[in-house]
Amino acid sequence: MDNIGKQLLECLKYKNTSSEIEKLDKEGLLEEIIPNIKYMKEVGKCRYHIVNSFQHSVYTLGYFESILKTDEFLPKHLEKYVWEYLNSTDESGFPILQILKLGIFLHDIGKPSAKSVDSKGVTHFKGHDVAGGEIVLKLGRDLGLSEVTTEKLFRYVRYHMFLLSIYKSNNIGRESLWREFDKLGDDVIGIILLGYCDLVATRNLLNPLEDSGIIKTYMEFILTIYFHKYKTDREI
């Protein structure tokens with residue numbers, strides 16, 4: 001890993017990582033580390049997004065960092081468990097919070113390669129989560145991250161649509177949730193937080209006055225099910 005890559009990883013240690021990443025971009029360094037950034041700036045605007053993918057990603061990360069500073073963001077029955085996860089490290093010793101920040105920033109990195117336009121001229125990014133997952137697997141290696149940390153980064157990006165899919169389908173049945181929980185384990189915590197910030201960041205730009213309470217309710221419900229039903233079942 002070169003010095004520029006180290007600068008990116010150093011940014012993850014700050015409370016204002018989103019601002020530090022913007023500084024790297026203004027200095028022309030970010031695209032040297034992550035060439036896909038150039039293409040993220042060229043796509044993303046559609047019926048759901050009024051800014052490009054890069055701007056949206058920075059805004060999403062900034063929103064995540066803002067809620068971390070809010071004492072009452074999570075209800076008490078979730079707060080302890082979520083912070084235990086965020087304050088932990090993976091098996092290689094890399095801080096979970098830092099790799100989650102990177103995942104939030106890179107969650108839409110697959111959009112440029114997934115872009116398509118239908119016969120009505122409507123832009124779509126179907127499969128950008130899958131494409132993004134493959135991209136960050138290579139990026140993790142390029143940054144010198146361990147296999148376990150790279151896999152965690154992959155999960156955040158690959159499954160960041162999990163909350164949105166539940167929100168749109170209202171599919172909160174035990175069988176479907178347990179299947180995802182079995183696959184993702186505790187990383188579902190980071191994935192749900194990422195998904196929440198992604199949705200709210202998008203909606204805040206579309207309509208700053210819109211109440212995002214229902215999205216927060218879905219997030220809290222899924223995390224409650226995970227901590228207080230799924231994990232209890234698995235411990236019995």
Side-chain angles (χ1 to χ4, degrees), residues 1 5 7-22 24-25 30 33-34 36-37 40 44 53-68 82-83 85-114 125 127-165 180 183-202 219 222-223 226:
M1 177 177 59
Q7 287 185 59
L8 174 60
L9 296 183
E10 190 68 22
C11 288
L12 304 176
K13 299 176 181 179
Y14 292 91
K15 291 184 178 181
N16 60 335
T17 295
S18 57
S19 297
E20 295 298 320
I21 285 177
E22 286 185 300
L24 281 181
D25 183 55
L30 196 57
I33 313 167
I34 311 172
N36 299 73
I37 294 296
M40 289 178 70
S53 293
F54 174 74
Q55 291 172 312
H56 163 70
S57 298
V58 171
Y59 183 66
T60 302
L61 177 56
Y63 181 73
F64 173 68
E65 292 180 312
S66 73
I67 66 175
L68 293 182
V82 170
W83 275 107
Y85 174 77
L86 294 178
N87 287 330
S88 64
T89 60
D90 65 22
E91 290 88 337
S92 73
F94 201 98
I96 296 295
L97 180 56
Q98 291 180 29
I99 198 63
L100 177 56
K101 284 184 178 185
L102 186 59
I104 292 172
F105 172 59
L106 298 173
H107 74 276
D108 277 347
I109 197 170
K111 278 193 170 179
S113 59
F125 300 98
H128 74 277
D129 47 349
V130 178
E134 294 304 312
I135 292 170
V136 297
L137 282 176
K138 180 180 184 303
L139 177 61
R141 292 190 288 268
D142 291 343
L143 289 172
L145 300 177
S146 69
E147 287 188 19
V148 68
T149 303
T150 299
E151 174 63 22
K152 198 170 292 290
L153 179 63
F154 165 80
R155 287 184 172 199
Y156 293 146
V157 174
R158 171 63 181 85
Y159 298 106
H160 77 269
M161 302 284 282
F162 179 39
L163 179 61
L164 177 61
S165 66
E180 296 302 311
K183 177 173 63 181
L184 301 173
D186 280 351
D187 287 335
V188 77
I189 304 165
I191 290 165
I192 291 296
L193 290 174
L194 192 168
Y196 169 77
C197 292
D198 183 19
L199 282 169
V200 174
T202 300
M219 176 195 69
I222 295 169
L223 290 177
Y226 180 71

Side-chain touch [X]/[Y], heavy atoms, less than 4.5 angstrom:
X: Phe105; Y: Phe54; value: yes
X: His107; Y: His56; value: yes
X: Phe64; Y: Ile67; value: yes
X: Leu102; Y: Ile99; value: yes
X: Tyr159; Y: Lys183; value: yes
X: Val82; Y: Leu223; value: yes
X: Ile33; Y: Leu143; value: yes
X: Ile191; Y: Tyr156; value: yes

Ignoring hydrogens and angles, state whether a donor on the side chain of Lys101 or Thr17 is under 3.5 Å from an acceptor on the partner side chain.
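Indeed, the side chains of Lys101 and Thr17 share at least one donor-acceptor pair under 3.5 Å.
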
Polar side chain donor-acceptor pair, Asp90 to Thr149, under 3.5 angstrom:
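The answer is yes; a qualifying pair exists.
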
Between [X] and [Y] (side chain of the first, backbone of the second, donor and acceptor by atom type, cut-off under 3.5 Å), is there such a pair?
X: Tyr226; Y: Gly185; value: yes
X: Glu91; Y: Val148; value: no
X: Asn87; Y: Trp83; value: yes

In terms of ring plane angle, is the pair Tyr196 and Tyr63 parallel, tilted or perpendicular, where the classes change at 30° and 60°?
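The arrangement is tilted - the two ring planes meet at 30° to 60°.
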
Considering non-hydrogen atoms only, spot the tightest contact between [X] and [Y] and give its length.
X: Ala131; Y: Gly110; result: CB-O, 3.9 Å
X: Ser113; Y: Ile135; result: OG-CD1, 4.5 Å
X: His128; Y: Met161; result: CE1-SD, 3.8 Å
X: Val157; Y: Gly132; result: CG1-C, 3.5 Å

Audit row: Asp129, His160, side chain to side chain donor-acceptor pair (under 3.5 Å) steps and yes/no:
CA-CA 7 Å; Asp129 47 349; His160 77 269; 5.8 Å; no

In Å, rounded to the nearest 0.5 Å, how long is the span from [atom1] of [X] to [atom2] of [Y]?
X: Leu106; Y: Ile34; atom1: CG; atom2: CD1; answer: 5.0 Å
X: Ile109; Y: Ile37; atom1: CD1; atom2: CD1; answer: 5.5 Å
X: Ser66; Y: Leu61; atom1: OG; atom2: CG; answer: 10.0 Å
X: Gln98; Y: Lys13; atom1: CD; atom2: NZ; answer: 6.5 Å
X: Leu163; Y: Ile222; atom1: CG; atom2: CD1; answer: 5.0 Å
X: Ser92; Y: Lys152; atom1: OG; atom2: NZ; answer: 9.0 Å

side-chain contact (heavy atoms from CB on, under 4.5 Å) for Leu86 and Leu68? Distances and angles first, verdict last.
CA-CA 10 Å; Leu86 294 178; Leu68 293 182; 4.0 Å; yes

Run the salt bridge (charged side-chain N to carboxylate O under 4.0 Å, His left out) check on Asp187 and Arg155 step by step: do they pass?
CA-CA 8 Å; Asp187 287 335; Arg155 287 184 172 199; 3.4 Å; yes

All pairs passing side chain to side chain donor-acceptor pair (under 3.5 Å) where residues 132-141 contributes a residue, at least two apart
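Matches after skipping sequence neighbours: Lys138-Asp142.
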
May I have the step-by-step check of side-chain contact (heavy atoms from CB on, under 4.5 Å) for Ile21 and Leu8, ending in yes or no?
CA-CA 7 Å; Ile21 285 177; Leu8 174 60; 4.3 Å; yes

